[in-house]
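Take a look at the structure below.
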Amino acid sequence: MLRRVAAQASANYRRLLAAPSSSSPGINNPFRQCSTSTPSSSSHSHTPNSTCVEHLEDSPCTPSPSTKISIDRSGLYNPPEHSHGPTSDSELVKNLKGIIKFRGGPITVAEYMEEVLTNPKAGFYINRDVFGAQGDFITSPEVSQMFGDMIGVWVMCAWEQMGRPEKVNLVELGPGRGTLLADLLRGVSKFKNFTESVHIHMVECSPVLRKLQYQTLKCEGEDGEKQIVSTMTGSPISWHATMEEVPTGLPTIIVAHEFYDALPVHQFQRASHGWHEKMIDVDENSSFHFVLSPRPTPATLYLMKRCKWAETEEIAKLSQIEICPRAMDLTQTIAKRIGSDGGAALIIDYGVNGIVSDSLQAIRKHKFVNILDNPGSADLSAYVDFTAIRHSAEEISENVTVHGPITQSQFLGSLGINFRVEALLENCTDEQADSLRTGYWRLVGEGEAPFWEGPDEQTPIGMGTRYLAMAIVNKEIGVPVPFK
């Protein structure tokens, strides 16, 4: 009896070892690992690191038969010990890994970026104030009130060119703390014809930032009770999650300042068989890493469209390309709205007037970090492709014209920021004067401020040429100020 049991056990064991293990690492994995590093500074094109592509193949184990019951378990797959205890992963990291596991494969860089920034529970923008010196980065409105003043001048000029409509939507995309709009309203508050015609619409998905905007704009009223108004001008204010939610049917003025740079981008890398989308997967150490998709992805259609808008020589020089389908789609939504309802849109952001190669970056506490390091703790942003914005607008509507881009320095200078700073300097303390000069340089200067005498690490860096301004307007307006 014992002999029969032993013989049966030996036969079953040989059959077990002869079968390929479905848990062997690399089996049925169509993705190729690529070793890359994220950029440590903002640059739309740089020489990428060399790429290592690894092909993983099946290697089933076939043992030689044995007549003895001698069990060697060294060749068996030993899964890591499972623990039901708490892990060090954050909720966002667990969510990202859960998506990858559920999907059965990697996610796009755009999907990763969107989860990191706008996850409803743990997204970078959702539950915190990320702006200003105590946050992770500083935007132009936080630098100086003069920026909001000049945007107010542009909005007033656009309204004048539109024929002073009695009712107009004023929309800001991604208003941050509401600083820009507060400075704008303060500057135009004396022009009652304008302030009485305006209905303000804030496109914002963060509950925390919505509360800050409510406070900054000195609002009264609550949703569901009565209309919310800003006591700064008496203008009604509404909040929306997307541009599509803003009511149609009225002439519309749209301001998008540092909004496009946070829209999710897809990254493509040139390989031996053409362009492959860069994806994000989880490796054997449970860490995020990059892989290349072996086949075309849905974003490939946008890549083909973007390449049609570029010169062949421009594409030939690149080994990586970034595209932003969300930016193209948003631009078309804006252009259709302006083409049908009338109005103008102003886009100001850091970017280039050409195709973007590899610019995605992460900033934590004003320092660059790896984009895969501790997701949700750093801001992710990428250079804006202003050429793609232009083509997207012109493609969707025959009733709009696109102007620019011009540098932020040119834009603000033509609107009169030089006169504004001189007027402010006439009635201020020495400390306020230093702050004004520093803010002015950061807005219109280039590189380090030559007048700075303080600590080197606090030297003001000019954003005047890094940031570009573009306008999309209804044809009936003509050429908008100051693009003439």
Side-chain angles (χ1 to χ4, degrees), residues 38-46 109-118 123-126 130-132 135-143 147 151 172-177 179-180 203-206 209 242-243 254-267 302 306 321-331 333-334 345-364 366-369 371 378-390 392-393 404-408 411 442-443 461 463-472:
T38 53
S40 59
S41 62
S42 26
S43 170
H44 73 281
S45 178
H46 72 279
V109 172
E111 290 172 309
Y112 174 86
M113 188 174 175
E114 184 164 21
E115 276 296 311
V116 167
L117 296 180
T118 60
F124 179 77
Y125 289 136
I126 300 301
V130 300
F131 301 94
D136 292 271
F137 54 88
I138 298 175
T139 60
S140 295
E142 307 296 335
V143 168
F147 186 80
I151 300 302
E172 185 178 3
L173 305 180
R177 289 173 169 170
T179 306
L180 186 156
V203 177
E204 177 60 69
C205 62
S206 167
L209 292 179
T242 66
M243 177 65 200
I254 301 168
V255 177
H257 174 256
E258 290 200 53
F259 181 78
Y260 273 73
D261 68 285
L263 297 177
V265 297
H266 292 259
Q267 293 187 323
Y302 284 90
R306 181 61 188 88
I321 291 178
E322 273 178 7
I323 60 167
C324 188
R326 289 277 291 278
M328 297 180 191
D329 294 343
L330 172 63
T331 299
T333 298
I334 291 172
L346 175 66
I347 301 166
I348 300 180
D349 227 312
Y350 61 91
V352 292
N353 193 25
I355 202 161
V356 180
S357 175
D358 184 13
S359 71
L360 182 60
Q361 60 191 18
I363 299 177
R364 182 190 303 132
H366 306 278
K367 295 182 179 179
F368 293 103
V369 296
I371 68 168
D379 178 46
L380 300 182
S381 62
Y383 265 39
V384 175
D385 181 349
F386 280 90
T387 300
I389 293 176
R390 170 186 291 277
S392 297
I406 59 177
T407 67
Q408 178 170 286
F411 177 80
R442 283 178 171 160
L443 292 175
I461 306 298
M463 301 184 291
T465 56
R466 285 186 58 202
Y467 283 71
L468 301 178
M470 175 176 275
I472 303 170

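If you're wondering where the values come from, they're calculated on a predicted model, not measured in any experiment. Numbering starts at 1 and runs along the sequence shown.
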Discussion item. Run the salt bridge (Lys or Arg N to Asp or Glu O under 4.0 Å) test against Glu204 and tell me which residues pass, sequence neighbours left out.
Written reply: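 None.
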Practice prompt. For Glu111, check salt bridge (Lys or Arg N to Asp or Glu O under 4.0 Å) against everything at least two apart and list the hits.
Written response: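 Salt bridge (Lys or Arg N to Asp or Glu O under 4.0 Å) check on Glu111 returns Arg103.
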Does a side-chain heavy-atom distance below 4.5 Å link [X] with [Y]?
X	Y	value
Val255	Ile151	yes
Ile461	Arg442	no
Phe411	Pro405	no

Discussion item. Please check this pair: side chain of Asp349 against backbone of Asp261, looking for a donor-acceptor N/O pair closer than 3.5 Å.
Written reply: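 Flag set: sc Asp349 to bb Asp261 pair under 3.5 Å.
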Drop me the distance from [X]'s [atom1] to [Y]'s [atom2], to the nearest 0.5 angstrom.
X	Y	atom1	atom2	result
Tyr112	Ile371	OH	CD1	6.0 Å
Arg390	Ile472	CZ	CD1	9.5 Å
Tyr350	Tyr260	OH	OH	15.0 Å

Worksheet item: Looking at Ile348, Leu330, Ile347, which hits side-chain contact (heavy atoms from CB on, under 4.5 Å) with Phe259?
Response: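 Considering Ile348, Leu330, Ile347, a side-chain contact (heavy atoms from CB on, under 4.5 Å) with Phe259 is found only for Leu330.
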Worksheet item: For Tyr302, which residues count as a side chain to side chain donor-acceptor pair (under 3.5 Å) partner, sequence neighbours excluded?
Response: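 Per chain and number, Tyr302 pairs via side chain to side chain donor-acceptor pair (under 3.5 Å) with Asp329.
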Worksheet item: Who passes side chain to side chain donor-acceptor pair (under 3.5 Å) against Ser392, sequence neighbours left out?
Response: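 Checked Ser392 against side chain to side chain donor-acceptor pair (under 3.5 Å); zero matches.
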[X] and [Y]: which non-hydrogen atoms are nearest, and at how many Å?
X	Y	result
Phe368	Gln361	CE2-OE1, 3.4 Å
Ala262	Met113	O-CE, 3.8 Å
Met463	Gln408	O-NE2, 4.2 Å
Arg364	Ala378	CB-CB, 3.8 Å
Pro325	His266	CD-CD2, 3.5 Å
Ala362	Leu380	CB-CD2, 3.5 Å

With [X], which residues qualify under side chain to side chain contact (heavy atoms under 4.5 Å, CB included), at least two apart?
X	answer
Glu322	Val265, Gln267, Val356, Asp358, Ser359, Leu360, Ala382
Thr387	Arg306, Asn353, Asp385, His391
Glu114	Thr118, Pro264, Arg326
Thr242	Glu244, Glu245

Item to complete: Test Tyr383 against Arg466 for side-chain contact (heavy atoms from CB on, under 4.5 Å), laying out the working first.
Response: CA-CA 10 Å; Tyr383 265 39; Arg466 285 186 58 202; 4.3 Å; yes
Discussion item. Working note: Leu173 + Ile334, criterion side-chain contact (heavy atoms from CB on, under 4.5 Å); need CA distance, chi angles, decisive distance, verdict.
Written reply: CA-CA 11 Å; Leu173 305 180; Ile334 291 172; 4.2 Å; yes
Worksheet item: How far apart are the C-alpha atoms of Asp379 and Leu117, what are their side-chain angles, what is the distance that settles it, and do they pass the side-chain contact (heavy atoms from CB on, under 4.5 Å) test?
Response: CA-CA 7 Å; Asp379 178 46; Leu117 296 180; 3.9 Å; yes
Discussion item. Check the orientation of Phe147 and His257. Use parallel for under 30°, tilted for 30 to 60°, and perpendicular for over 60°.
Written reply: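 Rings of Phe147 and His257: tilted, as their planes differ by 30° to 60°.
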Practice prompt. Step by step, work out the side-chain contact (heavy atoms from CB on, under 4.5 Å) result for Leu443 and Tyr467.
Written response: CA-CA 9 Å; Leu443 292 175; Tyr467 283 71; over 6 Å; no
